[in-house]
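These notes are about the structure you will find just below.
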Amino acid sequence: MLALSVSGHAVAHDEPPRQEPLATVRVAFDRNGITDIRSEGVADLATGRTVTADDPARVASISKLVVSIGAMRLVEAGKLDLDADVSDLLGYRLRNPAFPDVPITLRLLLSHRSSLTDTIDYVLPLDADMGAILADPRAWDADHAPGSYYRYTNFNTPVVAAVMERATGERFDLLMQRLVLEPLGLEGCYNWAACTPAFAGRAMVLYRERQPTKDDNHGTMPDCPVTPATDGSCDLSVWQPGRNGAIFAPQGGLRISAKGLATIGRMLLNNGKLDKVRLLRPASVRELLKPEWRSDGSNGETEKGFLCRYGLASQTLATHEQGCHDDPFGDGRPRVGHAGDAYGLKSGLWIDSQFGTGVAYIATDVLDADTGLHSAFTRVEEELATGTR
């Protein structure tokens with residue numbers, strides 16, 4: 001399973017055969033509010049329910065950007081330090097065995113420069129001991145020291161979640177409610193435990209070739225709102241702070257609507273403030289969005305030109321560098337946000353700080369064969385980004 005990866009994209013020079021997604025939602029916004037909403041298709045094939053911009057979806061890697069917002073709130077509160085060794089909070093020594101003297105920091109984890117890899121499974125059962133799993137040398141890049149190389153790695157974000165839990169003593173999904181979702185007036189959750197059955201019942205079912213892949217909830221809460229334990233049980237009382245940061249899928253498990261994503265985009269456009277709520281200081285927003293890494297052709301993996309600039313769980317588009325094809329808008333403007341790709345879903349949240357505009361979109365049942373016409377994104381993503389569908 002490739003939960004939040006961006007691999008498999010390719011740039012098309014000849015127009016590929018048309019592929020229609022099952023459902024699409026697009027919400028355009030500016031600093032003051034929503035400016036346009038478009039939704040089309042079916043949220044649930046079993047019932048024929050029409051999709052709306054209020055329906056929650058598992059938005060894949062956009063989840064990482066929202067985690068970073070929560071982490072920056074803890075940095076502002078003095079609970080976390082972007083450049084401190086996270087081992088001090090985790091309670092065990094987190095090191096790449098090939099580079100045992102190089103500390104792993106929150107900044108390196110958020111910017112995918114920690115030297116962790118996804119060569120072992122990061123979707124862990126409820127009762128997993130993540131520290132023991134991270135001690136496996138196979139989890140690490142033996143050729144590149146932390147800080148020296150960029151590799152998009154989902155496993156970074158469960159480590160961040162564990163650090164956040166240890167810093168606060170709070171369960172990650174509830175912590176994200178307190179830090180981000182509730183202050184912005186948003187309904188949403190990482191995995192389903194913190195959401196209501198009614199919200200889970202409105203989920204956009206994810207499909208691949210019209211077969212359900214995720215969130216086929218049959219109108220209610222799933223039997224187990226997280227990945228079950230190794231014996232199949234689903235008792236959340238086994239949770240311990242920082243023992244298993246993967247329980248609530250911080251790397252991709254945020255369920256939120258396209259309207260909700262637009263609200264987060266508006267907060268970022270307004271330098272950390274939404275209406276009367278100050279969520280982050282302007283300096284924290286700048287820190288979060290500025291690129292920590294830029295491809296020079298040899299210092300990281302671009303996923304066929306899809307990723308060429310990356311910040312603290314934020315992606316910057318339209319990199320003018322050879323081999324970069326990271327501009328679904330096709331106009332060369334440097335928008336910031338994050339893409340999502342999992343279980344047949346494609347999603348995006350992008351803001352243009354200079355023009356004060358942004359867009360959030362979600363599409364289901366989109367295959368990587370639907371290659372883009374001018375970028376490493378799919379054609380569906382290009383059309384949703386530009387509003388041409």
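Note that the structure is a prediction, hence the values are computed from the model and not measured.
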*asked:* Here's one to test your reading of the geometry: is the NZ or CZ of Arg255 within 45 degrees of the ring axis of Phe199 and under 6.0 Å from its centre?
replied: no

*Are the aromatic ring centres of Tyr310 and His338 under 6.0 angstrom apart?*
yes

*If you take all heavy atoms of Thr168 and Leu175, which pair is closest and at what distance?*
OG1-CD2, 3.7 Å

_Interatomic spacing from OG1 in Thr157 to CG in Leu110 - rounded to 0.5 Å_ = 7.5 Å

*asked:* Side chains of Arg107 and Thr105: any donor to acceptor distance under 3.5 Å?
replied: no

_Full working for salt bridge (Lys or Arg N to Asp or Glu O under 4.0 Å) between Asp368 and Lys346_ = CA-CA 10 Å; Asp368 288 327; Lys346 306 289 185 185; 2.5 Å; yes

*asked:* With a 4.5 Å cut-off on side-chain heavy atoms, are Ile362 and Val59 touching?
replied: yes

*asked:* For Phe355, does the six-membered ring have the charged nitrogen or CZ of Arg333 within the cation-pi criterion, i.e. under 6.0 angstrom from the centroid and within 45° of the normal?
replied: yes

_With clusters defined by side-chain heavy atoms of hydrophobic residues (ILVMFWY) lying less than 4.5 Å apart, directly or transitively, does Val277 cluster with Ile351?_
no

*With sequence neighbours excluded, give me every disulfide bond (SG atoms under 2.5 Å apart) pair touching residues 282-380.*
Cys308-Cys324

*Do you know which two heavy atoms are closest between Thr230 and Pro125, and how far apart they sit?*
CG2-CG, 3.7 Å

*If we only count heavy atoms from C-beta on, is the Arg95 to Pro103 side-chain gap below 4.5 Å?*
yes

*Taking the six-membered ring for Trp, are Tyr149 and His144 parallel (under 30°), tilted (30 to 60°) or perpendicular (over 60°)?*
parallel

*Does Asp296 reach the side chain of Glu321, with side-chain heavy atoms less than 4.5 Å apart?*
no

*asked:* Run the salt bridge (Lys or Arg N to Asp or Glu O under 4.0 Å) test on Asp118 and Arg151 for me, step by step, so that the C-alpha distance in whole Å, both residues' side-chain angles and the decisive distance to 0.1 Å come before the verdict.
replied: CA-CA 9 Å; Asp118 283 335; Arg151 177 184 282 105; over 6 Å; no

*Between Arg389 and Glu20, is there a salt bridge with N-O shorter than 4.0 Å?*
yes

*Check Pro250 against Val67 and note the closest heavy-atom contact, atom names and distance.*
O-CG2, 3.6 Å

